[in-house]
There are 4 protein chains.
Amino acid sequence: MSGDRDVTRERIISAAEKVFSEYGFFRAPVHLIAREAGVSKGLVFWYFRDKMELIVEVAKRSLPLDVIDSCLEENLRGRDVLECIGKNYLDKYRDPRWKSLLLHAIALETQVREIAEDVRKLCEEKIEAVAERAFGESSTKTRILLRIFFGGLMCFVLRPPKDIDEQTFLKNLINIIFKNAL
Amino acid sequence: MSGDRDVTRERIISAAEKVFSEYGFFRAPVHLIAREAGVSKGLVFWYFRDKMELIVEVAKRSLPLDVIDSCLEENLRGRDVLECIGKNYLDKYRDPRWKSLLLHAIALETQVREIAEDVRKLCEEKIEAVAERAFGESSTKTRILLRIFFGGLMCFVLRPPKDIDEQTFLKNLINIIFKNAL
Amino acid sequence: MSGDRDVTRERIISAAEKVFSEYGFFRAPVHLIAREAGVSKGLVFWYFRDKMELIVEVAKRSLPLDVIDSCLEENLRGRDVLECIGKNYLDKYRDPRWKSLLLHAIALETQVREIAEDVRKLCEEKIEAVAERAFGESSTKTRILLRIFFGGLMCFVLRPPKDIDEQTFLKNLINIIFKNAL
Amino acid sequence: MSGDRDVTRERIISAAEKVFSEYGFFRAPVHLIAREAGVSKGLVFWYFRDKMELIVEVAKRSLPLDVIDSCLEENLRGRDVLECIGKNYLDKYRDPRWKSLLLHAIALETQVREIAEDVRKLCEEKIEAVAERAFGESSTKTRILLRIFFGGLMCFVLRPPKDIDEQTFLKNLINIIFKNAL
DNA sequence: CATGAATGAGCCTTCATTCAT
DNA sequence: AATGAATGAAGGCTCATTCAT
């Protein structure tokens, strides 16, 4: 059944997420992924042409595209958009595994065309779409503001400060963005 | 001469910067670094105990610690501090080599204690020092602002937008930071 | 089949015996062993975690534990025990390959715990067991005699004299041992 | 001065004895020997053409040739010869360093012509000379006895039994040899 | 004599990938 | 689908040896 197929495939991807986050994409041996997934090494190559295909699959999931898309699907406007994105972003990358994968995925951007393309989409198309929703227009100014927004989020994730809690940070960040948007 | 020692060492590091930026730290074979430096493979291990020591050396240089330190040394205050840092930051990472190395170095943070320590220093001690200089005090609020500042810079570097030039971006960024600092 | 596994494993061990006996354990390159066994270099490490595991496996087989055990299994008493051991010992180490391996294995005793343990077993437990069988009791005196017995065998193997044949030597040796045992 | 030459040379040999005894001849890196001797790596190769020359030098000293020669020089006869040899032998190889070196040297016999030659000398010429002194004649029988004598010594050294002290062992051994010599 | 930087060959080991079963 | 034995390329690293100083 194709259901089984997908289940196994997902189990492998899930194992890969774990192993990649611990070792980095290129230092992670496939056999560890297989063991973690409870399947044989050979089977990994039945589902993925080569290791790179698996890397790309995991790397794409590691970027915050899903976070943004899910918030765009809900029909939010104004602050609510950034609140949704900010909350989901911090939720996702609070998990050390996703945090690690995010950093590794970004580093891949320099070398893997497909990741570069996703990052481009993130930084161009998605920012444009978010700008429309949050500020009603996508202008140079609003796009700058959104880059600052995302930069702030990433910087927070990279090393969460001990004396600032997520909520405070996010509220401040959004305030700043909107104060300047007007 | 001890001068020779340092010269050779630096030549190797320089070659490593080039090769690491192209391949990533772990996919870069040492023999390519040696060839690039014009020395034998064995010599690399005369100067560095193992590949990891070389990686760490390069990774540390790839973080913006030097940028911040050099601006802190000049006795600047207020906007001038951020202007100095912003300019030097964008100058350094405009070079695709340093950009790539920065991303790889940040990804290392998850796995190498020494890099994690440097990132911590960057995000805690240095931000505090910069806050003192730029805003006259290091408070929760000013540190949040600086994180946003650095996040904005990093996000710009990650994928420089075609329709926004560095100067405009930097001016806007600093404006926003200072408008909120008061 | 699990039979195949064992067959391949034994082929590798057998090849290792040959190569080790020619080069010594540490000067023998693994690729020669692989070639001799008709398998790829990688496969050696599929069956043995590292070279040391293979060395230990071969070294243990090189000691005369098997010789003694096989004679203890047969229900011999008195002279017959020593005749059995002496004959099998000289048979085994007449082969230059086993002779060489024996010397290398003994040298390993200083450095490899597992080999040291086997040598200890040989010199303590086994000598005791042989003493019981050959002399009816394991006393300080009989154990000294057996050490002399084994020393004589080893010394003969180390450099077989041209003017003394095995049989004569062995008969003399056993005579001396038993003359003193009474 | 040639005096200095010899002093340095001996310091290197002495260091080599230590390092070889710990690592074995081929696993011992020359740089450790140099460090132990307090000289530069290059200097080792000024005194010895290559590592093998140093190995052979040390290996030769590790065999009991010196023990036998020194006892032959004194004008001893009968039991006294074996007592002298036995005592000096056990004295030398009680030191774990010499014990280890002896075993490694013997293992070399299979591979290095020069060592093989020394072992041959030991087992043929020297045994003959000792036989003349100890028993007044070198016959097949006396040579067998001496081989047993040396075998016994070596076996004792290989793993000294806890319940038998050197003196007792040696006295027993010599008694046995002489009881059979008559 | 003495140093230590420099070389390069070679070794052990890992690991992505294939394939017979 | 699934396994795991088998392969072979490649990499990190060691180390004997040389040589300019």
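Each chain gets a letter, A, B and so on, in the order the sequences are listed, and its residues count up from 1.
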Donor/acceptor link under 3.5 angstrom from Lys41(B) side chain onto base of dT7(E):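 By the distance-only test, no, there is no pair.
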Quickly work out the [X] [atom1] to [N] [atom2] distance and round it to whole Å.
{"X": "Leu32(D)", "N": "dT14(F)", "atom1": "CG", "atom2": "P", "answer": "12 Å"}
{"X": "Ile33(A)", "N": "dT17(E)", "atom1": "CD1", "atom2": "C1'", "answer": "14 Å"}
{"X": "Phe26(B)", "N": "dA16(E)", "atom1": "CZ", "atom2": "C1'", "answer": "18 Å"}
{"X": "Asp50(C)", "N": "dC11(E)", "atom1": "CG", "atom2": "C1'", "answer": "14 Å"}
{"X": "Arg5(C)", "N": "dT3(F)", "atom1": "CZ", "atom2": "C1'", "answer": "13 Å"}
{"X": "Leu54(D)", "N": "dC15(F)", "atom1": "CG", "atom2": "C1'", "answer": "15 Å"}

What is the nucleic acid contact for [X], judged by heavy atoms within less than 4.0 Å: base, sugar-phosphate only, or nothing?
{"X": "Lys51(D)", "answer": "sugar-phosphate"}
{"X": "Ala28(B)", "answer": "sugar-phosphate"}
{"X": "Tyr47(A)", "answer": "sugar-phosphate"}

Given DNA chain F, 5'-ward residue of the pair Gly38(C) and Arg49(D), judged by closest heavy atom: Gly38(C)
Presence of Thr8(C) side-chain N/O under 4.0 Å of dA6(F) phosphate oxygens OP1/OP2: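 Thr8(C) to dA6(F) OP1/OP2: side-chain N or O found under 4.0 Å.
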His31(B) side chain near dG12(F) phosphate (N/O to OP1/OP2, under 4.0 Å):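 Indeed not, no polar side-chain atom of His31(B) lies that close.
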Watson-Crick/G-U partner (both atom distances under 3.5 Å) of dT7(F):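 Its partner is dA16(E).
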Pair partner, dA1(F) [Watson-Crick or wobble, under 3.5 Å]: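 Pairing partner: none.
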Arg9(B) charged N/C atom sitting above Tyr47(B) aromatic ring, 6.0 Å / 45°: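 Not satisfied by the 6.0 Å and 45° rule.
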Phe26(C)/Phe26(D) aromatic ring centres below 6.0 Å: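 Ring-ring flag for Phe26(C)/Phe26(D): false, centres at least 6.0 Å apart.
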